[in-house]
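A quick write-up on the structure given underneath.
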Amino acid sequence: MITEIQVNKPEPILVFKKLNYLKHGIETSSTIKGLTEGKPIHIKEFYSDGIRLLKDLHQYLKRILPNTSYLEQNAYRAEYHKLSNLILLEIVDQKLCAKKSPSIGWLKMFYPENNHFFLTFPQIQGLNSAWQWYKNGVSIPVLRNKMHPYYGTYFPTRFEHLVLFDNWLKRYTGLKKSAIEVGIGCGVLSLQMVQHNFQKVYATDINPNAIFGLKEFMGTSKLSRKIELDVAHLFGKWEKQTELIVFNPPWMPKSHDLESIDRAIYYNKTLFLDFFIAAKKRLLPEGKLVLIFSNLAQITNVTSKHPIEIELAEGNRFQLEKCLKKSVKTASSKTKRNQYWRSSEEVELWILTHI
């Protein structure tokens, strides 16, 4: 039952003392100093005061922190995350109190009985963006219809890897009775497989929001009979062997404690070994194991190790049939971070078979 899935959502903050607040139009340097000392600040008058404070916080951090290399940018984002989450907004009767705040449907959906609490400004920004994507939909080039990604669910903003997979599916000549996708996210890869006439896709995700959102999206349509879902790590309850296993794993090694949605981006030390051991048992003798990956961790000098290459060299489970690659487009001119590495980034489609 969809109602039995407990989704992740921002935890309400209860405040029992009067908070300092940022007065409208007042210069922010003393407020930022307070943030660095761990003092929370209440955005009480206008929502735009919070936007202005965040902008000034960025300017402050740019003056004191390097922000060029990939690792420096991670450190910068970590400090920004810590300080910006001391900026609080008040919610009463599922509405933001600050004037000219956005209307966010998640507040009624997630907190129907909680009439007075606070959330951090970045949490509200995340809820607001997610509400717009959910309400208006997101166009994905390889799909016929818009996606409506649920809050806290990863969805792609770049599409080279999806095009690579779609082109491979067009040339795929094997059986199409069933497939398994590990880590379905918002469902794009599974929907691609259905579009290419796979009769049944069994999918998992460790993130309950992904499964809840897809169940809601599919409803009782034909799609809901073609894609079966399980909230679980790796293969979950899907034990039966299949002709195709698809996995778009995280592309970067874990370097910090992960929030739920970060698990779509960063992998821990045992993920790939655990996956390949489990996949060996579930892939039919003539089946294909397809992994979508990137050279991002290598070109940003985060690691020199490539987990799929390590498996092929040491695992004695699978052999390489083919590895397809596609260059990634340069970063948008709207992207503020220096993404110099994008010129040499490639997405990879690895097709493996049993040894």
Side-chain angles (χ1 to χ4, degrees), residues 160-185 188-190 192-194 196-206 228 230 232-254 263-264 266-299 302-326 345-355:
E160 289 89 354
H161 62 298
L162 303 179
V163 172
L164 204 59
F165 183 54
D166 211 63
N167 288 338
W168 180 79
L169 283 172
K170 290 173 183 174
R171 298 190 297 270
Y172 173 78
T173 57
L175 294 173
K176 295 184 177 182
K177 290 182 180 179
S178 70
I180 295 176
E181 183 185 358
V182 172
I184 192 171
V188 176
L189 299 180
S190 286
Q192 286 179 265
M193 287 186 273
V194 170
H196 285 276
N197 301 316
F198 275 81
Q199 295 174 30
K200 194 85 172 182
V201 179
Y202 301 94
T204 65
D205 204 293
I206 197 171
E228 289 194 29
D230 185 28
H233 179 55
L234 292 180
F235 290 86
K237 65 184 180 183
W238 311 127
E239 298 281 351
K240 191 176 179 180
Q241 287 190 322
T242 184
E243 51 262 41
L244 178 63
I245 295 173
V246 176
F247 187 27
N248 179 14
W251 294 351
M252 300 294 286
K254 173 185 172 183
R263 293 176 186 150
Y266 301 96
Y267 61 85
N268 63 34
K269 290 181 180 179
T270 65
L271 175 67
F272 282 91
L273 179 59
D274 293 344
F275 168 77
F276 285 118
I277 290 171
K280 183 71 176 176
K281 300 173 185 175
R282 290 165 175 83
L283 189 67
L284 283 166
E286 302 302 317
K288 309 284 187 187
L289 177 60
V290 172
L291 294 101
I292 298 171
F293 208 63
S294 162
N295 65 347
L296 181 61
Q298 286 74 43
I299 63 175
V302 173
T303 180
S304 60
K305 298 177 181 178
H306 193 301
I308 302 173
E309 291 177 351
I310 292 172
E311 167 63 21
L312 290 171
E314 303 174 4
N316 198 33
R317 283 175 283 264
F318 299 102
Q319 60 188 351
L320 178 65
E321 179 179 284
K322 190 176 290 185
C323 180
L324 305 171
K325 298 182 180 182
K326 185 175 178 62
E345 185 183 354
E346 292 180 322
V347 288
E348 307 162 346
L349 189 79
W350 296 76
I351 302 99
L352 312 185
T353 58
H354 285 294
I355 289 178

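All of these numbers come straight from a predicted model, not from anything done at the bench.
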Just wondering, do [Y] and [X] contact through their side chains at under 4.5 Å, heavy atoms?
| X | Y | result |
| --- | --- | --- |
| I292 | L189 | yes |
| F235 | D230 | no |
| H161 | W251 | yes |
| L352 | K288 | no |
| T204 | L234 | no |
| L164 | L162 | no |
| Y172 | I351 | no |
| F275 | L291 | yes |

Does any N or O in the side chain of [X] come within less than 3.5 Å of the main-chain N or O of [Y], such that one atom is a donor and the other an acceptor?
| X | Y | result |
| --- | --- | --- |
| Q298 | K305 | yes |
| T242 | S178 | yes |
| E311 | F276 | no |

Check F198, W168, F165 against Q192 for a side chain to side chain contact (heavy atoms under 4.5 Å, CB included) and give me the one that passes.
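Among the candidates, only F165 passes.
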Output the distance between atom CD1 (I245) and atom NZ (K280), rounded to the nearest 0.5 Å.
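It is 11.0 Å, given to the nearest 0.5 Å.
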Once rounded to the nearest 0.5 Å, what's the spacing between atom OG1 of T353 and atom CD of Q319?
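If we round to the nearest 0.5 Å, T353:OG1 and Q319:CD are 4.0 Å apart.
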Considering all heavy atoms, the nearest [X]-[Y] contact:
| X | Y | value |
| --- | --- | --- |
| I184 | A203 | CD1-CB, 3.5 Å |
| N295 | E345 | OD1-CA, 3.4 Å |
| P253 | T303 | CG-CG2, 4.0 Å |
| G236 | A232 | CA-CB, 3.4 Å |
| Q241 | P285 | OE1-CD, 4.4 Å |
| E228 | W238 | OE1-CH2, 3.6 Å |

Let's go through I355 and R317 carefully: what are the C-alpha distance in whole Å and the side-chain angles of both, what is the deciding distance for side chain to side chain contact (heavy atoms under 4.5 Å, CB included) to 0.1 Å, and is it a yes or a no?
CA-CA 6 Å; I355 289 178; R317 283 175 283 264; 5.6 Å; no
Is it true that F272 and F293 have ring centroids separated by less than 6.0 Å?
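Yes, they do, as the ring centres are separated by less than 6.0 Å.
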Test side chain to side chain contact (heavy atoms under 4.5 Å, CB included) on I180 and L244 and set out the steps.
CA-CA 6 Å; I180 295 176; L244 178 63; over 6 Å; no
Side chains of D274 and H233: is there a donor and an acceptor less than 3.5 Å apart?
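No, no side-chain donor-acceptor pair sits under 3.5 Å.
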Consider only side-chain N and O atoms of E181 and S190, and report whether a donor and an acceptor are under 3.5 Å apart.
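Yes - a donor-acceptor pair under 3.5 Å links their side chains.
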Side-chain ion pair, K326 and E346, N-O less than 4.0 Å:
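Answer for the salt bridge query: no.
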So that I can tick it off, tell me whether E243 and K177 are bridged by a salt bridge, with the cut-off set at under 4.0 angstrom between side-chain N and carboxylate O.
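Looking at E243 together with K177, the answer is no, because their closest N to O distance does not fall below 4.0 Å.
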Side chain to side chain contact (heavy atoms under 4.5 Å, CB included) assessment of L324 paired with E348
CA-CA 6 Å; L324 305 171; E348 307 162 346; over 6 Å; no
Should L283 and F318 be marked as a side chain to side chain contact (heavy atoms under 4.5 Å, CB included) after you check the CA-CA gap, both sets of side-chain angles, and the distance that decides it?
CA-CA 11 Å; L283 189 67; F318 299 102; 4.0 Å; yes
